[in-house]
Amino acid sequence: ISGSINFYMTLTGMGVAFKASINSSTSQQYWLHSTKYHCQYGFAHLNERKSRRSPMVLCVRAVSRKSDLDFSDPSWKQKFQEDWNRCFSLPHITDVYDLKPRLTTFSLKKNRTDGGNLSKDMWNGYVNKDGRALLKVIKYASTTSAGAECVDPDCSWVEHWIHRAGPRKEIYYEPEEVKAAIVTCGGLCPGLNDVIRQIVFTLEIYGVKNIVGIQFGYRGFFEKGLKEMPLSRKVVENINLSGGSFLGVSRGGAKTSEIVDSIQARRIDMLFVIGGNGSHAGANAIHEECRKRKLKVSVVAVPKTIDNDILFMDKTFGFDTAVEEAQRAIDSAYIEARSAYHGIGLVKLMGRSSGFIAMQASLSSGQIDVCLIPEVSFTLDGEHGVMRHLEHLLGKKGFCVVCVAEGAGQDLLQKSNATDASGNVILSDFGVHMQQKIKKHFKDIGVPADVKYIDPTYMVRACRANASDAILCTVLGQNAVHGAFAGFSGITSGICNTHYAYLPITEVITTPKRVNPNSRMWHRCLTSTGQPDFH
């Protein structure tokens, strides 16, 4: 970086925006503002190679969405809080409809001998509409603390409240009149069937009789020949025993207006969208179009992504299973490498823009010598490159194991402008590139190397959910139904700071969640692998 560079970025997750000036001509460093989000927006780690040689001055001031936040103003926290609360308020069908709530039909104290009516003593297992959960609980002493997420230069404690998920005492739909639809979008992921199953179970507890599945993602709304699939407890009771999606999946879809036309024609009242960032964006577009047409439709999403890259959430379903299955691939690569003369095990794992699977699998296996992820730049050649380190490992212990995320090293490859049906850029295959690079490098230096390359991508995607993910799927599916009956729309159900919560879809789709290279978890991974800085 030469000279001075000015940035302006919106930090939706913090309810603020930032203005920053970076000057590489001086070695003094001021305060870093919310390292996690800098990383997510490619801000704090811009051109790391050059910044290591030429430290930068980083001056940042927070700006709310409406007005500048002056930290010398005693009321700045209150203004920040008000802006945060506004951004994280949940869209509700009463925003466009004048509706009165009714007493819920959901209770675990129903009288089985009285037609399933509620008992006289009201069950007290409901979540109050004013219930909130804290998104963050760590108070950082300074901006230089590992993983620090600060709003102001003094790292003041600022509360970030989000809505608790769960059943409400009052609902905005008559269950016997509701038609609910479920759709699974994007790629396969362990746990899809678990979520479908729990949504159906919970809808039936409320008293919904008309439940349908939309086949093969959003395509099922417009493709001729794809009929609705009637769903009930009897139909879905055992679908969690296998992987894949009972309803089928697909990427892309028709125009939003065409999907909403179909929703309107089918008289759907609740739509549950199970998918990742792209599917969430689609769900939000459907929600907005329904509001525009003043349709009484609740659109609720459930976060599904193996990559674990949805903003604000501790984890998404399928991630734990993916890490567990990835570890099996790593174990195989380790055995192959250790059993060969100068063996090098190379495993490519999923992670387009986020290296969570590679990082966690490397940590859990304990056998990885080099872990490469999209968030941390590296060089392959040169004195401090990956190849030189592999030479060192072969000389020291005779074999090594490398784990790479699919999105790692894209700056080292020829870029492609091609996109898939969801609009995602088709990445160059870094795993294959790495395999060929290692072979060529050791051939050129005259050292024998036996490379064992493993890509378990489709094996991981098709797995049945493990116990941890099955529990998460169960709760997320139940909470999605509770959110719809509570009248919310344009929301997603997730786990944040160990608590189950509802978040506006608009806030979670602004950018993918990424590994923070300054986080304790990444530091733990580096401690486990023992890898140096590849610059």
Side-chain angles (χ1 to χ4, degrees), residues 104-106 110 115-116 167 171-186 188-251 253-254 258-275 279 282-283 286-287 290 295-302 304 317 464-465 470 473-474 476-485 489 493:
T104 185
T105 54
F106 179 86
K110 286 184 178 179
I171 59 177
Y172 288 82
Y173 288 92
E174 294 292 340
E176 64 276 6
E177 299 175 2
V178 166
K179 180 178 181 180
I182 306 170
V183 61
T184 55
C185 306
L188 288 181
C189 176
L192 282 169
N193 287 335
D194 299 70
V195 177
I196 295 169
R197 181 174 181 263
Q198 281 301 321
I199 290 176
V200 172
F201 283 8
T202 310
L203 284 168
E204 288 196 350
I205 291 176
Y206 271 96
V208 178
K209 305 296 183 185
N210 193 357
I211 310 170
V212 298
I214 305 299
Q215 296 189 70
F216 300 104
Y218 290 132
R219 182 179 299 274
F221 282 110
F222 62 89
E223 188 83 17
K224 291 181 179 179
L226 294 180
K227 297 181 179 180
E228 294 176 351
M229 183 184 296
L231 301 177
S232 65
R233 174 179 284 266
K234 185 176 181 180
V235 172
V236 303
E237 195 157 21
N238 298 317
I239 63 173
N240 62 311
L241 301 181
S242 61
S245 170
F246 182 68
L247 300 177
V249 296
S250 70
R251 296 188 182 277
E258 294 177 2
I259 294 176
V260 176
D261 287 343
S262 179
I263 290 173
Q264 199 167 0
R266 297 167 190 252
R267 298 183 181 277
I268 292 172
D269 304 291
M270 296 179 181
L271 176 62
F272 299 97
V273 179
I274 309 171
S279 304
I286 293 169
H287 156 73
C290 287
L295 300 179
K296 187 187 175 185
V297 178
S298 282
V299 182
V300 179
V302 180
K304 173 230 71 175
F317 78 81
R464 174 188 172 187
C473 291
T474 295
L476 294 181
Q478 291 177 1
N479 283 338
V481 177
H482 295 320
F485 267 102
S489 181
S493 168

side-chain contact (heavy atoms from CB on, under 4.5 Å) between Ser489 and Val297, worked out: CA-CA 7 Å; Ser489 181; Val297 178; over 6 Å; no
Stepwise side-chain contact (heavy atoms from CB on, under 4.5 Å) check, Phe246 with Val235: CA-CA 10 Å; Phe246 182 68; Val235 172; 3.8 Å; yes
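Inter-residue side-chain proximity for Val302 and Phe317 is flagged as met; some heavy-atom pair is nearer than 4.5 Å. Residues Phe272 and Val481 meet the side-chain proximity criterion, which asks for heavy atoms closer than 4.5 Å. Looking at heavy atoms from C-beta onward, Asn193 lies in side-chain contact with Ser242 at the 4.5 angstrom threshold. Side-chain contact between Val236 and Phe201 is present, with heavy atoms from C-beta onward closer than 4.5 Å. Contact annotation: the side chain of Phe106 never approaches that of Ile171 to less than 4.5 Å [non-hydrogen atoms, C-beta and beyond]. Put simply, the side chain of Leu247 does not reach to within 4.5 Å of the side chain of Ile214, judged on heavy atoms.
Distance check, rounded to the nearest 0.5 Å: NZ of Lys179 to CD1 of Ile268 gives 5.5 Å. Atom-to-atom distance recorded for Met270:CE and Lys296:NZ is 8.0 Å, nearest 0.5 angstrom. Between atom OG1 of residue Thr184 and atom CD of residue Gln215 there is a gap of 10.0 Å, rounded to the nearest 0.5 Å. Atoms CD1 and OG1, from Ile211 and Thr202 in turn, are 9.5 Å apart once rounded to the nearest 0.5 Å. To the nearest 0.5 angstrom, Asp194 atom CG is 6.0 Å from Thr474 atom OG1. Expressed to the nearest 0.5 Å, how far CD1 of Ile199 lies from CD of Gln478 amounts to 10.5 Å.
Residues satisfying the side chain to side chain donor-acceptor pair (under 3.5 Å) criterion with Ser279, sequence neighbours excluded, are absent altogether. Residues meeting the side chain to side chain donor-acceptor pair (under 3.5 Å) test with Glu174, sequence neighbours left out: Arg102. For Asn240, the side chain to side chain donor-acceptor pair (under 3.5 Å) partners two or more places apart in sequence, or in a different chain, are Arg197. Not counting sequence neighbours, His287 has no partner by the ring pair (Phe, Tyr, Trp, His ring centres under 6.0 Å) test. Applying the side chain to side chain donor-acceptor pair (under 3.5 Å) rule to Gln264 yields the partners Arg293; only residues at least two apart in sequence or on another chain are considered.
The shortest non-hydrogen separation linking Val195 to Cys473 is CG2-CB, 3.6 Å. Closest approach of Arg219 and Arg251 over heavy atoms only: NH2-O, 4.2 Å.
Ring-plane geometry between Phe485 and Tyr206 is classed as parallel, the angle between the planes falling under 30 degrees on a 0 to 90 degree scale with a further cut at 60.
In this structure, Tyr218 contributes its side chain and Ala283 its backbone to a donor-acceptor pair below 3.5 Å. Side-chain atoms of Lys304 never come within 3.5 Å of backbone atoms of Leu192 as a donor-acceptor pair (strictly under, hydrogens ignored). Asn210 places no side-chain N or O within donor-acceptor distance of the main-chain N or O of Val178, the cut-off being under 3.5 Å.
Tyr172 and Ser298 are not linked by any side-chain donor-acceptor pair at a separation below 3.5 angstrom, with hydrogens and angles left out of the test.
Applying the salt bridge (Lys or Arg N to Asp or Glu O under 4.0 Å) test to every pair with at least one member in residues 232-245, sequence neighbours left out, gives no pairs at all.
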